Amino acid sequence: MSRRVVRQSKFRHVFGQAAKADQAYEDIRVSKVTWDSSFCAVNPKFLAIIVEAGGGGAFIVLPLAKTGRVDKNYPLVTGHTAPVLDIDWCPHNDNVIASASDDTTIMVWQIPDYTPVRNITEPIITLEGHSKRVGILSWHPTARNVLLSAGGDNVIIIWNVGTGEVLLSLDEVHPDVIHSVCWNSNGSLLATTCKDKTLRIIDPRKGQVVAERARPHEGARPLRAVFIADGKLLSTGFSRMSERQLALWDPNNFEEPVALQEMDTSNGVLLPFYDPDSSIVYLCGKGDSSIRYFEITDEPPFVHYLNTFSSKEPQRGMGFMPKRGLDVSKCEIARFYKLHERKCEPIIMTVPRKSDLFQDDLYPDTPGPEPALEADEWLSGQDAEPVLISLRDGYVPPKHRELRVTKRNILDVRPPTRPPRSQSASDASLSQHTLETLLEEIKALRERVQAQEQRITALENMLCELVDGTD
């Protein structure tokens, strides 16, 4: 009786291929800051890359279709007074991106659909609450306008970007620098790694550590961790002999890893990118010239090596396209944007199929751009899974949606500092006349502002129509 040796998997033959030269983005001065973030963020509309900038920090935002050589005078997003360390696109609005900087601030930006004429210098909102550099950003996967930041002050702050308020601050959990933070699929838990060599699972609303594992990897180099679909965790780190490792953990039993894979002895930190739809994790090391990928299953040995994409040039950073931005007609299951010293190169992961029909087994329903919760609902204790969409007909990004920031006026709730002084009859009549004059002036100014806002909106719509017409 013959024994089946080869494991059956539809992803066994996934292969990576670099895009053609004319599909790359050339002449981009990628940032040289020594920080272990990906330096690149991408969504179905835009590619954002942290770049070198004199006198502060900046990043460039390019429409995906704008391939080829990028003009040296192309407008940047500038506003930070020190280097930008991390950027992250909002999952619920493809025109909104957040940036974190060495200057201790987080800025949230609205990117127009048309190409701006000059640098974008005014963020929608600036979030100030950290006392040291901010190196990690992560949007909540299901709640609208909820953004997490982690800084060199060992503090995690969760913000409501819609109001500019701090929702939660976790300042007693980490005794040292935080290396990575990851939400689970519904945003109810966080997985963090820290310089103290501990992997923690945190309930942010209770401010409690639910589970923790000291030294999941014995080496001294930084760890990374991501949640996978069934609530387990994947971590990357180094052994005592400086071999790079990938470990799978069950939070209900943190004593021993479910699986442990040892790789090579390179010193680059492995950045894990996990695709919940295919249950494949891609490992990209900064300074490496390869991408390894593994399939995670319920069958031993649980972590199955698939293949390695190799190229000649080392990578300075990596962007990972959300599933809704992929080309389903070509059986594309992942797309990376690899940063070189002076360019960005797309790398496409494909499952070879003979049929041109939509492949249901490769593309289950995937998280779409609609949030499942409002910020206040999440804060009150509600959880919801992401709102899923089908990719059968391909994904069409929605039209430009504006993020509105509503700042609450603290003057409305502040008690008066002293009782009002008594007034004479002449003072009362004078103040009444002055009050009426001021109210009339305010009314006239308000009408003028509304008229100008309508005019600006009309001009922006005309510009969008012109841009759409020329595409």
Side-chain angles (χ1 to χ4, degrees), residues 4-12 14 138 141 178-194 196-203 208-266 268-285 290-308 320 333-334 349 364 383 385:
R4 193 177 70 190
V5 178
V6 178
R7 185 180 67 91
Q8 292 294 313
S9 170
K10 58 194 170 197
F11 299 113
R12 201 157 53 87
V14 171
S138 183
I178 300 161
H179 285 150
S180 73
V181 181
C182 175
W183 296 97
N184 66 348
S185 62
N186 67 1
S188 60
L189 296 173
L190 296 172
T192 69
T193 60
C194 179
D196 70 349
K197 301 284 172 277
T198 302
L199 169 60
R200 294 175 175 86
I201 299 177
I202 300 167
D203 184 329
Q208 295 176 350
V209 177
V210 178
E212 63 181 359
R213 174 66 160 85
R215 303 189 76 85
H217 300 274
E218 293 290 337
R221 302 275 292 141
L223 310 172
R224 287 284 187 279
V226 291
F227 275 106
I228 64 172
D230 58 0
K232 291 189 177 71
L233 280 168
L234 280 169
S235 66
T236 63
F238 293 78
S239 70
R240 193 171 286 161
M241 304 300 291
S242 294
E243 290 180 307
R244 295 198 289 192
Q245 296 176 323
L246 171 68
L248 177 66
W249 300 91
D250 183 351
N252 298 317
N253 180 13
F254 252 153
E255 293 302 314
E256 291 292 328
V258 177
L260 183 68
Q261 285 264 357
E262 293 197 338
M263 284 164 278
D264 52 17
T265 52
S266 176
V269 175
L270 286 169
L271 305 178
F273 295 94
Y274 175 69
D275 174 18
D277 295 342
S278 59
S279 202
I280 295 176
V281 63
Y282 302 86
L283 302 182
C284 310
S290 62
I291 302 172
R292 291 181 180 81
Y293 39 108
F294 299 80
E295 186 178 359
I296 315 299
T297 68
D298 297 328
E299 308 164 3
F302 305 107
V303 178
H304 306 271
Y305 172 74
L306 291 175
N307 209 336
T308 300
F320 187 50
I333 63 162
M349 299 288 178
D383 290 319
E385 294 299 321

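Atom set for the values below is all heavy atoms of this structure, side chains included, hydrogens, waters and symmetry mates excluded. Computed from a predicted model, the values in this text were never measured in an experiment.
Residues Arg244 and Arg292 come closest through the heavy atom pair NH2-NH1, 3.7 Å. Looking at every heavy atom in both residues, Phe238 comes nearest to Gly268 through CZ-O, 3.5 Å. The two residues Gly187 and Pro141 make their nearest non-hydrogen contact at N-CG, 3.7 Å. The shortest heavy-atom contact between Lys197 and Ala220 is NZ-O, 3.0 Å. Gln245 approaches Ser239 most closely through the heavy-atom pair NE2-CB, 3.4 Å. Nearest heavy-atom pair across Glu218 and Arg215 is O-NH2, 2.7 Å.
Each of Leu248, Asp250, Leu199 was checked for a side chain to side chain contact (heavy atoms under 4.5 Å, CB included) with Leu233, and the lone residue meeting it is Leu199.
At distances below 3.5 Å, at least one donor-acceptor pair connects side-chain atoms of Gln261 with backbone N or O atoms of Val303. A donor-acceptor distance shorter than 3.5 angstrom exists from the side chain of Thr193 to the backbone of Ser180, with no hydrogens or angles considered. With hydrogens and angles ignored, the 3.5 Å screen pairs no side-chain donor or acceptor of Arg12 with any backbone N or O of Leu306. Counting only distance, with no hydrogens or angles, the side chain of Asn184 and the backbone of Leu189 share a donor-acceptor pair below 3.5 Å.
In the model, Ser266 has no side-chain atom that pairs as donor or acceptor with a side-chain atom of Asp264 under 3.5 Å. Counting only N and O atoms by type, the side chains of Thr265 and Ser242 include no donor and acceptor under 3.5 Å apart.
Rounded to the nearest 0.5 Å, atoms OH (Tyr282) and CD1 (Ile333) are 3.5 Å apart. Note that the CE atom of Met349 and the CG atom of Asn307 stand 8.5 Å from one another [nearest 0.5 Å]. Between atom CG of residue Leu283 and atom OH of residue Tyr293 there is a gap of 12.0 Å, rounded to the nearest 0.5 Å. Atoms NE2 and CD, from His217 and Glu243 in turn, are 12.5 Å apart once rounded to the nearest 0.5 Å. How far CZ of Arg221 is from CG of Leu270: 10.0 Å, rounded to the nearest 0.5 Å. Rounding to the nearest 0.5 Å gives a distance of 5.0 Å between CG of Asp383 and CG of Asn186.
Between Phe273 and Phe320, the ring planes are tilted. Angles from 30° to 60° get that label. Relative ring orientation between Phe254 and Trp249 is described as perpendicular, the plane-to-plane angle rising above 60° on a 0-90° scale split at 30° and 60°.
Side-chain contact check for Pro272 versus Leu234: every heavy-atom pair is 4.5 Å or farther apart. Looking at heavy atoms from C-beta onward, Ile201 lies in side-chain contact with Pro251 at the 4.5 angstrom threshold.
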Side-chain donor/acceptor pairs under 3.5 Å, residues 222-229, sequence neighbours excluded:
{"residue": "Arg224", "atom": "NH1", "partner": "His179", "partner atom": "O", "Å": "3.2"}
{"residue": "Arg224", "atom": "NH2", "partner": "Asp36", "partner atom": "O", "Å": "2.5"}

Exercise. Report the C-alpha distance between Glu295 and Val14 in whole Å, list the side-chain angles of each, state the deciding distance to 0.1 Å, and finish with yes or no for side-chain contact (heavy atoms from CB on, under 4.5 Å).
Key: CA-CA 11 Å; Glu295 186 178 359; Val14 171; over 6 Å; no
Practice problem: Tell me, with the steps shown, if Ser188 and Trp183 meet side-chain contact (heavy atoms from CB on, under 4.5 Å). | Solution: CA-CA 7 Å; Ser188 60; Trp183 296 97; over 6 Å; no
